[in-house]
Amino acid sequence: MYRWLVLIWRLPTGISTPRVTAWRRLRRMGAVPLTPGAAIVSYSEDLHEQIDWIAEDITDWGGDAWVLPVGELRNADEARIRRRANLRKGAQQGAKRLARASPLRRGS
């Protein structure tokens, strides 16, 4: 049984739009960046399908992409990934609270 999905990719240098698009999609899925060209997410069939679509888009943009289902990680690695995911979620929630707490002033 798989527990994780890893997406590894390489995109040509130059135009950054595909790279940013891929990262935004992965972030919305809850993926945790491992390196500038790799991310990991907890396994589910739905997320597997979504990551396959991202990998397909990356190849359409002229890059290379590999989707690797992973069974188990060492406990220390899994704990580190979960800490990164929790830190990222906390930062996102803090930014949302800050945005709600400080409305923009018009005409200032």
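FYI, side chains are in, hydrogens and waters are out, and symmetry mates aren't considered; it's all heavy atoms of this structure. Only a predicted model underlies this, so the values are computations on that prediction, with no experimental measurement involved.
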Sidechain-backbone polar pair: Ser16 side chain, Arg19 backbone, donor-acceptor under 3.5 Å:
no

Walk me through it: do Glu49 and Glu45 pass the test side-chain contact (heavy atoms from CB on, under 4.5 Å)?
CA-CA 6 Å; Glu49 184 176 7; Glu45 288 185 30; over 6 Å; no

For Trp53, all residues meeting ring pair (Phe, Tyr, Trp, His ring centres under 6.0 Å), sequence neighbours excluded
none

Does the pair Val41 and Gln50 meet the rule for a side-chain contact (heavy atoms from CB on, under 4.5 Å), with working shown?
CA-CA 11 Å; Val41 67; Gln50 290 179 47; over 6 Å; no

Less than 3.5 Å apart, which donor and acceptor atoms pair up between the side chains of residues 3-10 and the rest of the protein, not counting sequence neighbours?
unit_1, atom_1, unit_2, atom_2, d
Arg3, NH2, Glu78, OE1, 3.2
Arg3, NH2, Glu78, OE2, 2.6
Arg10, NE, Asp64, OD2, 3.3
Arg10, NH2, Asp64, OD2, 2.6

Calculate, to the nearest 0.5 Å, the distance between atoms OG1 and CH2 belonging to Thr17 and Trp61 respectively.
9.5 Å

Restricting to non-hydrogen atoms, name the atom on Ser42 and the atom on Leu47 that form the minimum distance, rounded to 0.1 Å.
O-CD1, 3.3 Å

Can you tell me how far the CD1 atom of Ile51 sits from the CG atom of Leu68, to the nearest 0.5 Å?
10.0 Å

Atom of Leu11, atom of Pro18 and distance for their closest heavy-atom approach:
CD1-C, 3.9 Å

What pair of heavy atoms forms the shortest contact from Ala39 to Ala31, and how long is it?
CB-CB, 4.1 Å

Between atom NE2 of His48 and atom CG of Asp52, what is the distance when rounded to the nearest 0.5 Å?
4.0 Å

Between CE of Met29 and CG of Asp46, what distance do you get to the nearest 0.5 Å?
8.0 Å

